[in-house]
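This structure is a prediction, so every number in the text was calculated from the model and none was measured.
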Amino acid sequence: MEKKRWLIADRAPEQFHEEIGIASSIFAQLLWNRGIQKKEDLSLFSEPSWEHGIHDPFLFSRMHEATGRVMSAIQAGEHITIHGDYDADGITASALMITVLKEIHRSSLCGDSYPAPPIADIDFYIPHRDKEGYGLHHETVLKLKERGTNLLITVDCGIASVDEIAFARSLGMDVVVVDHHQFGDRLPEAILIHPGLSGETYPFKSLAAVGVAFKFACALLTKAREQGCEILTGWEKWLLDLVAIATVTDMVPLIGENRALLTFGLRVLNKTRRLG
């Protein structure tokens, strides 16, 4: 019978206890194990700050490209479909994206532009857990083609859907992938917003899909404001109730930016007017 081998974490150095001022050696060791190894790290962990804990969404290497494609689709009245997932992360990320796209479109219609932009068609597709399973499928791509989808945005899926996205593109769709899952040797030919990709410049790698969607949403709102849409500064913070739900349920590490998103998201949850 094979013996089990335990991997014991390195013991936190004594100077770490002194630096952070925590008497409990167990608590200090837990912090150390989770990468909280400096006094400033502990400060951000215990008292997350919006100013210091939230990163600029345009640090994603392809965020300018992704937001430009979406804004042009809204302005041209194209058919945009959000393809999500059936779990809490996929549903909240989808709801967040739909809310933002509709708000941007509503604001663009209410502006002073002339002629007024056409009515964009914004819808969604959530696969059935039992009948379809996870991810984007060829059959779904055909359904979306029949709907008239021009721009497909996958959230919480898509990074491993190489063949399916190639099929969508062959049918004339452009694709933006907003995901955080593991991926293979081949990546889809699409605009990829994923913090874990090799060479990706975004500094925090452990966002849930709803966190990645929130960064995309913030970038879109910035672009919309630059183009004259009247959207209140800080409006995006009211989306944090959705971000908080899936940041917990998808069990991503509650450190760094996730901790800041959850802290402020819990505050929004206590004030939310969403029927859910």
Quick check for you: to the nearest 0.5 Å, what is the distance between L42 atom CG and L31 atom CG?
6.0 Å
Strictly distance-based, threshold 3.5 Å: is any side-chain N or O of H180 a donor or acceptor partner for the main-chain N or O of L207?
yes
In terms of hydrophobic clusters joined by side-chain contacts under 4.5 Å, are I193 and V210 together?
yes
Would you say E47's side chain and S43's backbone share a donor-acceptor pair under 3.5 angstrom?
no
Is there a donor-acceptor contact under 3.5 Å linking the side chains of D163 and H138?
no
Ignoring hydrogens and geometry, is there a side-chain-to-backbone donor-acceptor pair from S49 to H52 under 3.5 Å?
yes
Go through H128 and Y86 one step at a time and tell me if the ring pair (Phe, Tyr, Trp, His ring centres under 6.0 Å) criterion holds.
CA-CA 7 Å; H128 190 282; Y86 44 72; 8.4 Å; no
Could you go step by step and tell me if K145 and E139 meet the salt bridge (Lys or Arg N to Asp or Glu O under 4.0 Å) rule?
CA-CA 10 Å; K145 177 62 177 177; E139 296 80 4; over 6 Å; no
I'd like to know whether the aromatic ring centres of Y202 and H194 sit less than 6.0 Å apart in this structure.
no
When you measure from the side chain of D156 to the backbone of G84, do you find a donor-acceptor pair of N or O atoms at a distance under 3.5 Å?
no
Has T67 got a side-chain atom pairing as donor or acceptor with M63's backbone, closer than 3.5 angstrom?
yes
Pairwise side-chain contact, T140 with P127, heavy-atom cut-off 4.5 Å (strictly under):
no
Can you tell me if CD on E65 sees more than 12 non-hydrogen neighbours from other groups inside 6.0 Å?
yes
Take R169 and V175, measure what side chain to side chain contact (heavy atoms under 4.5 Å, CB included) needs, and give me the verdict at the end.
CA-CA 7 Å; R169 288 176 56 84; V175 184; 4.3 Å; yes
Just to verify, which of I159, I191, L192, V155 counts as forming a side chain to side chain contact (heavy atoms under 4.5 Å, CB included) with V178?
V155
Counting distance only, does the side-chain N/O of E257 pair as donor-acceptor with the main-chain N or O of F204 below 3.5 Å?
no
For the CZ atom on R11, are there more than 12 heavy atoms of other groups (residues, nucleotides or ligands in this structure) within a distance under 6.0 Å?
no
I would like to know whether V268 and L266 meet side chain to side chain contact (heavy atoms under 4.5 Å, CB included); could you show each step before the answer?
CA-CA 5 Å; V268 176; L266 290 174; over 6 Å; no
Applying side chain to side chain contact (heavy atoms under 4.5 Å, CB included), run through T154 and V176 and close with a yes or a no.
CA-CA 6 Å; T154 68; V176 177; over 6 Å; no
State the CH2-CG distance between W32 and D10, to the nearest 0.5 angstrom.
8.5 Å
Can a side-chain donor-acceptor contact be found between D241 and T272 if the only test is distance below 3.5 angstrom?
yes
Carefully, step by step, assess Y134 and H181 under the rule ring pair (Phe, Tyr, Trp, His ring centres under 6.0 Å).
CA-CA 12 Å; Y134 173 76; H181 284 104; 5.4 Å; yes
Side-chain heavy atoms under 4.5 angstrom apart, residues restricted to Ile, Leu, Val, Met, Phe, Trp, Tyr: same cluster for M71 and F216?
yes
Crowded around E19 CD? As in, over 12 foreign heavy atoms under 6.0 Å?
yes
Ring-ring centroid check F124 H83, cutoff 6.0 Å
no
Quick check for you: to the nearest 0.5 Å, what is the distance between K237 atom NZ and L261 atom CG?
11.5 Å
Is a donor on one side and an acceptor on the other found under 3.5 Å between the side chain of R129 and the backbone of D87?
no
Between CD on residue E78 and OG on residue S72, distance to nearest 0.5 Å
6.0 Å
Let's go through I126 and I82 carefully: what are the C-alpha distance in whole Å and the side-chain angles of both, what is the deciding distance for side chain to side chain contact (heavy atoms under 4.5 Å, CB included) to 0.1 Å, and is it a yes or a no?
CA-CA 8 Å; I126 303 293; I82 307 296; over 6 Å; no
Is it the case that E230 and S107 place a side-chain donor and acceptor less than 3.5 Å from each other?
no
Could you see if I165 belongs to whatever hydrophobic cluster contains M173? Use Ile, Leu, Val, Met, Phe, Trp, Tyr and a side-chain cutoff under 4.5 Å.
yes
Between L240 and R267, is any pair of side-chain heavy atoms under 4.5 Å apart?
no
Is the number of heavy atoms from other residues, nucleotides or ligands within 6.0 Å of NZ (K205) greater than 12?
yes
Flag, side chain of D85 to backbone of G90, donor-acceptor distance under 3.5 Å
no
Side chain to side chain donor-acceptor pair (under 3.5 Å) for Q37 and D41? Distances and angles first, verdict last.
CA-CA 7 Å; Q37 300 178 354; D41 295 336; over 6 Å; no
Is the count of non-hydrogen atoms from other residues, nucleotides or ligands lying under 6.0 Å from Q182 atom CD greater than 12?
no
R62 side chain to A190 backbone, donor-acceptor under 3.5 Å:
yes
Taking L144's backbone N and O only, do any of them form a donor-acceptor pair with T149's side chain (distance below 3.5 Å, no angle check)?
yes
If you round to the nearest 0.5 Å, how far is CZ of F58 from SG of C218?
9.5 Å
Taking the basic N atoms (NZ, or NE/NH1/NH2) and the acidic carboxylate oxygens, is any pair closer than 4.0 Å for K39 and E18?
no
Looking only at the aromatic ring of each residue, does the gap between the centers of F60 and H55 stay below 6.0 angstrom?
no
ILVMFWY network linking V70 to L152, side-chain heavy atoms under 4.5 angstrom:
no
